Every structure is written in structure tokens, then in C-alpha cells.
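One structure below.
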Amino acid sequence: MSGKELRPKPRLARGFRDLSGADIVARYKMIDTIREVYELYGFSPLETPTVEFVEMLGKFIQETGLPEEGVFSFRADQPEWLALRYDLTAPLSRYFAMHKDLPRPFRRYQIGSAFRIEKPGPGRFREFIQFDIDTVGSASMAADAEICCALCDAFDKLRLAGMYLVRVGNRRVLNGVLETAGVDMKADDGLTATRVMRCIDKYERLGLKGVAALLKQGRKDESGDFTEGAGLTEAQTEVVTNYLTASSETRRGVCDALAAIVGDSDEGKRGVEELIEMDGFLKAAGYDESKIIFDPTIVRGLTYYTGPVFEASIVDENGGYSSSIAGGGRYDDLVERFTGQKVPATGASIGPDRLLDILKGLGKIEAAITEPVLVTQMDKEHAADYQAITFELRRAGIPAELYLGKGNIGKQLKYADQRNIPIAVIAGGDEFASGTVSVKDLRKGKEVAIEVAERSEWLKHEETQDTVPRSKLIEYIKDLLAAHSDD
RNA sequence: GCUGGCGUAGCUCAGUCCGGCUAGAGCACCUGACUGUGGAUCAGGAGGUCUCGGGUUCAAUUCCCGACGCCAGUACCA
């Protein structure tokens, strides 16, 4: 009575959400589908903890000794900073470095939440799931090609065939192009290089002109906010835009076009070579340009990529790329941080939250949850019988629930109605006297209700309920459920 | 982070410009009409520190300042 102002208001921390019922079932279904594909490719599951030392995540600022912004970090019962993982790739590197006896190459898939302190937006949260697949310890382009194929298979299995495209770029090619253009990638700690990546990453949204502006002096957007440019010269910018517009009907054609642009750069030549190799593996595996293409505008914003980079997007009806549903690439330096040894690695990450939104939007996933049969309680003295009926149904494999609240039969049926329960079992004095039970077909009742206005008339509709011998109950309900699933 | 918009019942919102009576509506919820039957209908009920804090005023949900939160755009995102 006095504690009202002490009572906390129920609320959620910014960027977090509750999920329930059908949303979760849909998620499980989607994840299962992808998992089957990954296992078919020979990847096996791995789970790592949600919490890591902030140092393991590489999100630690040397000078200040504090965690970087953007990570959820805290100190619990020890002096060292802990953090919620920021992605699944850094924990994978840690795991690989910790277990020297792992068979190499090490191939795993992992699904789990990652956490980032970022501005939440539509479909963007501070806790989100990632579904990663990686091969650690293989430098072969077959590993990269295979990752792309696995993504395609997963999307196909999710009934997205023909609606997506996996696009592949290569960091080495871009580095080569910049080298040829005379951009000093090592200058100012790679800041210029980073900026160039980020500009190109915005190509889809800003177009060639916007990217060109960003590459040079910078660009003012419509809200008046000025974004600093990468500071390239006119001539250098032209080389980059040339690179971005290199295209061809075939992957091999893109390689040829790129070869002409990278000039004498060894790094660039090697990048083109990698793409040619990938193309060979993809062809041999049977994946043509309808699924996987080469696209120079794919660079990815992250700095750690060292070779091929991938991005899977939904293709809208204008042929544009609307939403990105997976991304990844080769990162040969990530394990080196721990072991000092170069370990080549490549992988990709699907964003299940966004993918699920898309699947729902396209009606590609039915998110129905199985509601149980409800056994209602009418007479207290028959409580044991209701219990018995409920377990009888369960033992027959029929999901069933005994009504555990209080209230008369009307209230119990209302509960069933709200929960979308298909069938209610009703038994009172009449039924017990004659050794029967009544079975109410709530779904049919719902259909009938649409056309009936008068209550008296609605109660007259007797086809929604049947009284059957107790011994026939299971059989009757099974038939009824089967009839439901038919339509 | 920056710019703009918005914070009134569980939800969607009116009222606020131009300060004043008991702050409203729809949906949802609860009770009853209906005794052993969901929906619809009808009648009734409950639910609000009008985001929070300060200021102006006889008087603030309304005007002013600040904080926080939400939405949109933009930036950032190993």
C-alpha cells in the first residue's frame, strides 16, 4: 500500500525486445533450414559464451585501458573488463587460438546473440542474432567459393530462389587499384584506406556521384550534415569510379575488366587471380551468374577483410539490391593477434532477424504455432477425470492442456478462443452419467459466428459440438485435427 | 553524435494554438443480461502524478527552460 512509488514500471532497455509465440517458431524453422544446409557441407556446431574478456574481442583501447564504445562492458568480481560479444567471429578466433589440437581446417557454424551499443532502428536492435559459418585454416579459394554456395543453398531452401544474388568483390583488387592510382594506403594509419572503403560501401545508396564527392572533399546531405571526404584527387577519384563501374555479363568478364584497371600492381593482380580461381570453383560446383556474380562495388565497411568479400541481397523488381541478408569475406589476420602465426580464414554471417522479416513479408514462412486441445473443468468432483483425460490425450501424442484457472465454462471457452485453441473437451454430469465426453470444434464455431448475428441462433448451431463415447475420444479428436490441417 | 518531429488510459489518438470546471473517444479488459457453452449485441465497471524536473501565473496537460524517452533522416558500426 505504501510502496506504490517504489514499484518499478515494467519496461525494456533501449534497443532490446521481447519475442513470443509465432515469431520464435518462425525463427526456429528458418534456423533449422539453414543448419541442415551447413551440416550438409560438413560444418559442425560450436557454442561460445556470451561474455568474453573485452581484450578477446579486440575492443580495448590501449592508452586508456578502457573498453571501446559500442560494446556492453562491465567488471564483475574481478579487475579485468568483461563484455558481451560484439560478433561471433572474434570469439571464433579466440577459440581457435586456444585449441591448438583442433583438426585443421576447422569448420564450424554458430548461431547466437551479439550485442552492440548502436542507435536502434527499424529491424535493428542492440541484441540481435547472427548465424555464422566459417572455415579457419584454409587459404584455398575453394573455401571462399563454398561459403557462397552454402549461402545460396540456404536461401534456395528458404524458397528465395531467384530473388537474391550473392555478390563478390575482392579487397586485394581494390588495394591494387588504389596503389595504381597513387593513393598511399599506409598513410595516416590507414585512415584514408578506411575512408575509401566506407565511401564505396555507400555506393548502393548514394550512387556514383555521391561516392565520387565523398572520395574527394566530402559531401553535404539534405539534413545539412557534412561528411568529411577521403581527400583523393580528381584523377585518383576517376580511377576508383572506373573500377566501380567495371562490369560484365559474366564473372570472367568482370575479371578481365578488373585486370585492365589494376595495372602493374602485384596485389591487384593477385586479387584478380583469386577471383578467377573462385569463378572456376563456382562453375565446377554448378553455380552460375544467376546466383553469384562479381561486383567491384562490394567492399564491406570492416577493415579486417583481406581477400574476397561477399554480400547477399534481395533483388527488388527494378533489379536493385534492397536489403542485405548476409555478408562475409576472407580475414587472414584475425587469429594472428593471439598466436603470432598467420592463419587464413573465411566465412559469412547471415542476419536472421532481417531475413525473417523478409521471409514474412514475402509470405515464405508460415509462423503458425500449434495450440493444444483444451480440457475444460466443469464439476469439481470430477477433477481427477479431467486430469486423466488430459494425460490420455498427451500420451496419444495430442498436445493438450487442462484449464488451470478459475471460472465457469463460458470463461474457459473464452480463454480457448483467445488462444486460438482448435478443440475444447467438455464433460459434466450428463457426460459422466452416460460414459461420454463432448468435443467442441472451436474452429468451425468461429466460421459460423461470422454469419450469425443473434445469440440465440448462434447457440442453436449444433454441428460445432459432438458427444462421443469416452472410449472413442482419442480417435475422434485425431480425425478432427486431421480435418483442420487439410484446409 | 547531428538535425527535425513527437511524449495524454494496455493500444490508437482527440483536447493544448488562445492556460480555468469532474481530461475524453475507439479498441482491449472486468461484471451482468446468459442457469452447462466462445462470437455479436446491450447495460454497467475499472483503468491517468496528461514522460520527468524546474520556471511564469491566482491557476499549467496547455506557455517557457532543461533532462529523459520515442520516431524519421544523417553519421558511426573491428
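Throughout, a chain's letter reflects where its sequence line sits, starting with A, and its residues are numbered from 1. For clarity, every value in this text was computed on a predicted model and none was experimentally measured.
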- Item | Nearest-angstrom distance from the residue atom NZ of A/K446 to P of B/G38 | 13 Å
- Message: For A/R116, is there any backbone N or O sitting under 3.5 Å from a side-chain donor or acceptor partner on A/R126?
- Response: no
- Query: Between B/C17 and B/G54, how far is it from one P atom to the other, in whole Å?
  - Reply: 23 Å
- Item | Cationic tip of A/R167 above A/Y321 ring, under 6.0 Å, 45° of axis | yes
- Write down the distance separating the P atoms in B/C6 and B/G15, rounded off to the nearest Å. 13 Å
- From the list B/C76, B/G38, B/U37, which nucleotide is the closest neighbour of the side chain of A/Q465? B/U37
- Quick one: is A/Q418 getting a side-chain N or O under 4.0 Å of the B/C29 phosphate, OP1 or OP2? yes
- Select from A/A449 and A/G428 the residue whose nearest nucleotide in RNA chain B is closer to the 5' end of that strand. A/G428
- Query: Ignoring hydrogens and geometry, is there a side-chain-to-backbone donor-acceptor pair from A/R124 to A/G15 under 3.5 Å?
  - Reply: no
- Message: Is the distance from the ring center of A/Y109 to that of A/F43 below 6.0 Å?
- Response: no
- Message: If a pair means Watson-Crick or G-U wobble with both distances below 3.5 Å, what does RNA chain B look like in dot-bracket form, with | marking bases paired to a different strand?
- Response: (((((((..((((......[...)))).(((((.......))))).....(((((..]....))))))))))))....
- Sticking with atom P, work out how far B/U62 lies from B/C50, rounded to a whole angstrom. 10 Å
- Query: Salt-bridged, A/D134 to A/R107, with N to O below 4.0 Å?
  - Reply: no
- Message: Go nucleotide by nucleotide along RNA chain B from the 5' end; which of A/G70 and A/P120 gets its closest nucleotide reached first?
- Response: A/P120
- Send over the distance from A/D417 CG to B/C29 C1', rounded to a whole Å. 15 Å
- Query: What distance, rounded to whole Å, do you find between the two P atoms, one in B/G69 and one in B/G24?
  - Reply: 32 Å
- Item | RNA chain B-proximal residues of residues 404-414 of chain A, any heavy atom under 4.0 Å | A/I409, A/G410, A/L413, A/K414
- Message: So if I take every side-chain heavy atom of A/S438 and compare against B/G38, B/G36, B/G39, which nucleotide ends up nearest?
- Response: B/G36
- Is any side-chain N or O of A/K119 under 3.5 Å from a base N or O of B/G73, one able to act as donor and the other as acceptor? yes
- Query: Which ones in residues 332-349 of chain A lie close to RNA chain B, meaning a heavy atom under 4.0 Å from one of its atoms?
  - Reply: none
- Do any side-chain nitrogens or oxygens of A/R455 fall under 4.0 Å of OP1 or OP2 in B/G38? yes
- To the nearest angstrom, the CH2-P distance between A/W458 and B/U37 comes to 12 Å
- Query: For atom P, what is the distance between B/C34 and B/G39, given to the nearest Å?
  - Reply: 16 Å
- Query: Do the numbers put A/R17 on top of the ring of A/F125, so that NZ or CZ is under 6.0 Å from the six-membered ring centre and no more than 45° off the axis?
  - Reply: yes
- Query: Say you pick atom C1' in B/A14 and the same atom in B/G7; how far apart are they, in whole Å?
  - Reply: 15 Å
- Task: Provide the full list of salt bridge (charged side-chain N to carboxylate O under 4.0 Å, His left out) pairs with a residue in residues 415-432 of chain A, sequence neighbours left out, each pair given once.
- Result: A/E371-A/R419, A/E401-A/R419, A/D417-A/K446
- Is a donor on one side and an acceptor on the other found under 3.5 Å between the side chain of A/R85 and the backbone of A/P49? yes
- Which pairs count as salt bridge (charged side-chain N to carboxylate O under 4.0 Å, His left out) when at least one residue sits in residues 302-311 of chain A, sequence neighbours excluded? A/R300-A/E311
- Query: Between A/R104 and A/F106, is NZ or CZ placed under 6.0 angstrom from the six-membered ring centre and within 45° of the ring axis?
  - Reply: no
- When we call it a touch if two heavy atoms are under 4.0 Å apart, what does A/D379 touch: a base, just sugar-phosphate, or nothing? nothing
- For nucleotides B/U22 and B/U61, find the distance between their P atoms and express it as a whole number of Å. 13 Å
- Message: Closer than 4.0 angstrom, basic N to acidic O: yes or no for A/R94 and A/E52?
- Response: yes
- Considering only heavy atoms and no angle criterion, is a donor-acceptor pair shorter than 3.5 Å present between the side chain of A/E431 and the base of B/G36? yes
- Message: Output the rounded distance in Å from CD (A/E118) to P (B/A75).
- Response: 14 Å
- To the nearest angstrom, the OH-C1' distance between A/Y415 and B/C30 comes to 18 Å
- Take the protein atom CD1 of A/I421 and the nucleotide atom C1' of B/G39, then report the distance between them rounded to whole Å. 16 Å
- Message: Can you tell me which nucleotide in B/U37, B/A75, B/G39 comes closest to the side chain of A/I426?
- Response: B/U37
- Query: What distance, rounded to whole Å, do you find between the two P atoms, one in B/C27 and one in B/C65?
  - Reply: 39 Å
- Does any N or O in the side chain of A/T376 come within less than 3.5 Å of the main-chain N or O of A/V425, such that one atom is a donor and the other an acceptor? yes
- Query: When the distance from CG of A/L214 to P of B/U74 is rounded to whole Å, what number comes out?
  - Reply: 13 Å
- Give the rounded distance in Å between these two atoms: CD1 of A/I117 and C1' of B/G1. 14 Å
- Could you tell me whether A/E274 and A/R171 have a side-chain N and a carboxylate O separated by less than 4.0 Å? no
- Query: A/L404: what forms a side chain to side chain contact (heavy atoms under 4.5 Å, CB included) with it, not counting sequence neighbours?
  - Reply: A/L402
